[in-house]
Protein chains: 2
Amino acid sequence: MATRTRRAERREEPLSRERIVEAAIGILDTAGEGGLTFRVLAERLATGPGAIYWHVSGKDELLGAATEGVVAGIVLGGACASATPQEAIRALGLRLFDAIDAHPWIGNQLSRSPGQSPMLRVFEHLGRQVRALGVPRAAQFTAASALLNYILGVAGQNAANAHGQESERNRTEFLDTVSAAWANLDPDEYAFTRDAAEQLRDHDDRVEFLAGIDLILAGIAASASD
Amino acid sequence: MATRTRRAERREEPLSRERIVEAAIGILDTAGEGGLTFRVLAERLATGPGAIYWHVSGKDELLGAATEGVVAGIVLGGACASATPQEAIRALGLRLFDAIDAHPWIGNQLSRSPGQSPMLRVFEHLGRQVRALGVPRAAQFTAASALLNYILGVAGQNAANAHGQESERNRTEFLDTVSAAWANLDPDEYAFTRDAAEQLRDHDDRVEFLAGIDLILAGIAASASD
DNA sequence: ACATCTCTGGAACGGGGTTCCAGTGTGGGG
DNA sequence: CCCCACACTGGAACCCCGTTCCAGAGATGT
């Protein structure tokens, strides 16, 4: 009996791939991409680095599994068949956007794994909606790719921007700084950017992101009617 | 006189920020992102790591300068005023695409520096053409951002894909492999992706990239006419 | 009881960015 | 003419990283 109990509790909770990935996500969320270290991870799990390698082949796989874990839930999240394809695409985009906002490290990670599972899920979902839009078969790949690439681009930018700021305060402060810098650029060389400085200060990332999606959707619709 | 000569030739060519960045670009192009090391760089310049730090503050600045060095020439490259705005945007996109194809490390680097100079140049150029398209002022920021984010997305993907392959052979081989993997996906869960496998195998990245640009341009035109 | 197998965790290795510092030659001031 | 301050060099060292190694603990099958 003592044996039985011990067996389940050789450690309070035995190490497992699941627990490791979970802890890794926690560290990534609080300490960022650079904060995830096998030593930090080992300390949080009250073990040594070597033990982790019994369950996980290396850091790449760990990051992949963490990304997978977060993205999987997001794509599956909204399967309401009642919406129009446009609405479904916008909804998926927003869920991804919010997820990247909450876990900025995903932004860089998504781009890193080309044919990997998380991106494939997104691609599949986008493709289905594109098909539902009535896009001719030959153009479906192009349309879905364009949407995916746009989303990945925004994801990367968000990840890059999230380096210094967590709070809402820091964010507006950051925007003010960049906006001011833009406004002071050379009037000849950067005429447009200077002019866009005020729009930068007042913009809402989410709204802007959706507007980009809508632009591509409008383009798909326009191309289809040719 | 001997002094004069010596002074200019204390080393055959004295160390300088310029020479360092140039060497870094060379290493990045041949050995990839992971191949650039202060020790390798020092060896190529026939010096020690410490000397490099006298001219450059750290690796981030070095990567930034390298990116700047490559991108600056590209944006300035095509200032033919005769073209339509659409053609100018497509031309800039293509120049960027080809540059990223030649220096894949740029793809990851561009996203990393948000308000930095290289990206600003691209943004400015895009913005001017958007303005020339007659897009209303309030929508110019959105349109230029959408184009930029799409380009950055493609850039990141290209950088990620370039990891294993240099030659043309490897590329088609790679596409065949991924295409085959897609074709073997679960028919229920990945219906669209399975179907897109053949379009993936036959596609041309450049053409596909341009098609995405055109989609966004069409969307901009459609939105403007509302 | 023993041998075996899964799983652990600490030590150690190679290599990265960065810092330190003793030295070098050069140009300017006594 | 000398000598000193100074820009610049480059090798050694520091600390942290991912990863590997291994001695061993606990459970299991015979």
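A close approach under 4.0 Å does occur between a side-chain nitrogen or oxygen of B/His55 and OP1 or OP2 of D/dT9. Between D/dG10 and B/Thr47, a contact under 4.0 Å exists linking OP1 or OP2 to a side-chain N or O. Distances shown here put every side-chain N or O of A/Trp54 at or beyond 4.0 Å from the OP1 or OP2 atom of C/dT8.
For the pair A/Arg194 and A/Asp186, the salt-bridge criterion is not met [side-chain N within less than 4.0 Å of a carboxylate O]. Of the charged side-chain nitrogens involved, at least one lies within less than 4.0 Å of a carboxylate oxygen, so that B/Arg131 and A/Asp195 count as a salt-bridged pair. Here B/Arg112 does not pair with B/Asp60 in a salt bridge; the nearest charged N to carboxylate O distance is not below 4.0 Å.
Rounded to whole angstrom, the span from the CZ atom of B/Arg44 across to the P atom of D/dG10 amounts to 17 Å. Whole-Å rounding puts the A/Arg19 CZ to C/dC7 P distance at 15 Å. The interatomic distance linking A/Glu33 (CD) with D/dC17 (P) rounds to 15 Å, in whole Å. Put simply, OH on B/Tyr53 is 17 Å from P on D/dA12, counting in whole angstrom units. Separating the CG atom of B/Leu36 from the C1' atom of C/dG15 is a distance of 14 Å, rounded to the nearest angstrom. Counting to the nearest Å, the P atom of D/dC16 and the CD atom of A/Glu43 are 13 Å from each other. Taking atom CD1 of A/Ile52 as the reference point, atom P of D/dT20 lies 13 Å away to the nearest angstrom. C/dG9 atom P lies 12 Å from atom CG of A/Leu41, rounded to whole Å.
More than 12 heavy atoms of other residues, nucleotides or ligands shown are found within 6.0 angstrom of CD on B/Glu61.
Judged purely by distance below 3.5 Å, without hydrogens or angles, the side chains of B/Ser145 and A/Glu208 never pair a donor atom with an acceptor atom.
Taking five base pairs at each end of the helix from C/dA1-D/dT30 to C/dG30-D/dC1 and finding the rotation axis that steps the C1' atoms of four pairs onto the next four gives two axes whose angle is 30°, to the nearest 10°.
No donor-acceptor distance shorter than 3.5 angstrom exists from the side chain of B/Tyr150 to the backbone of A/Ile216, with no hydrogens or angles considered. Proximity of a side-chain donor or acceptor of B/Glu124 to a complementary backbone N or O of B/Leu120 within less than 3.5 Å is not detected.
Position along DNA chain C of the nearest nucleotide to A/Ala51 versus B/Pro49 favours A/Ala51 as the more 5'-ward residue.
If you check distances only, the side chain of B/Arg39 never reaches the base of C/dG15 with a donor-acceptor pair under 3.5 Å.
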